[in-house]
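These numbers were taken from a predicted model, which means no experiment stands behind them. Counting starts at 1 for both ligands and their atoms, in listed order. Just so you know, these numbers use all the heavy atoms, side chains as well, and skip hydrogens, waters and symmetry mates.
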Amino acid sequence: MKKNLLSDVQEKLLMGPGPSCVHPSVYEALSRPTIGHLDPDFIAIMDEIKTMLRRVLKTENNLTIPISGTGSAGMETCFVNLIEQGDAVLILTNGVFGKRMEDVAGRLGANVDAIEFAWGTPVVPEDVKKKLDARTYKIVAIVHAETSTGVLNPVAEVGTLLKGSESLYLVDSVTSLGGMDVSADEWGADVLYSGTQKCLSCPPGLSPVTFSDRAVEMLRKRKSKVPNWYLDLTLLTQYWDGAARVYHHTAPINMLYGLYQALYLILEEGPENVYARHKENHEKLISGLEELGLKMLVETSCRLPMLNSVCIPEGVNDADVRKRLLNEYRIEIGAGLGELAGKIWRIGLMGHTARPENVNRLLSMLSEIIRR
Ligand SMILES: *Cc1c(COP(=O)(O)O)cnc(C)c1O
């Protein structure tokens, strides 16, 4: 018998761009007994997950369910259910995840138009307005919290530009949900997706998605079948909604227990308290980093509380510092992605990670390493 590798897995302090630390009660939830995906006890849990999701998303949307798959599956679900060949889609890009949206929409045959803003800076609503005045789009898509740079985008302002228009507003809230206010209905978001392993502090594997009635109407009026069977919401809703509960695919039962518990924890602490905790720890981290002489990539006005991009100082070896943090101190932080690779570290304060003891631990280890 080969040695069982799982016995070597140690707990690490996850302070990168996700996954984040998992609350012990979520681990306990994951190990509850597996029951059938059509068992009435499980259906009650599904219904409660939908209700709790609506509360944290601040939406009344009937179609609000977790997709089986990580955040990218949520992204794919939103686009694949709405795009038909040649549809005009506008993507507001300022990082890796906007780029991913362009790729996903393009593969589905959309006519993709993008405005790219400098990485590390936010989307500029005036520039978006000019585009919208010149052309009509079926979908306009934006990333609320751009995890690759640490920038907060003005989703409410862009939503205001779209009010009364025919375009559907699609928002990525993978990193923001559970760490800061997400107000899907108030923003006028028609389609929104998230993920479990960022501020929801659950292991990766599910992607909450919500569709407004207007988006559902568009889906129903499609001329062609949704080109992806697994993510087809017309089929998935027959399992997640109504009396019939038609089998589609076997729900990832235990992952859904985990999501249930993660949402329960947020509602128990109070979403506003959870967001305040993220903000306080973010401020504590920034002041500590500045004391160490480190500079932030993003301006104060558009910094994300849960993802902090720090400029790597001259003469410091990026990979070496991250390796030491991980091997010697069991702390994981993130590297820069794309054009920011080697230039920044990404320090996550997501969900259960966002606690003062974690900020203190990272700051003291980081100062030790940098001083050496
Ligand atoms: C992490 C992330 C995704 C992708 O999620 P996966 O779970 O890695 O598939 C999409 N958008 C944003 C903003 C993210 O941070």
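Sorted by chain then number, the residues whose non-hydrogen atoms approach ligand 1 to under 4.0 Å are Thr70, Gly71, Ser72, Phe97, Arg100, Val143, Ala145, Thr147, Asp172, Val174, Thr175, Gln197, Lys198.
Residues satisfying the side-chain contact (heavy atoms from CB on, under 4.5 Å) criterion with Thr210, sequence neighbours excluded, are Leu57, Thr59, Asn61, Thr64, Leu192.
By the 4.5 Å heavy-atom criterion applied to side chains, Arg346 and Leu337 are counted as neighbours. Considering only heavy atoms from C-beta on, Asp190 stays 4.5 Å or farther from Val171 through its side chain. With contacts defined as side-chain heavy-atom distances shorter than 4.5 Å, the pair His23/Ser201 does not qualify.
In this pair, His37 and Tyr247 present their aromatic rings tilted. The plane angle is within the 30 to 60° band.
Distance alone, capped at 3.5 Å, is enough to place a donor-acceptor pair between the Arg277 side chain and the Ala354 backbone.
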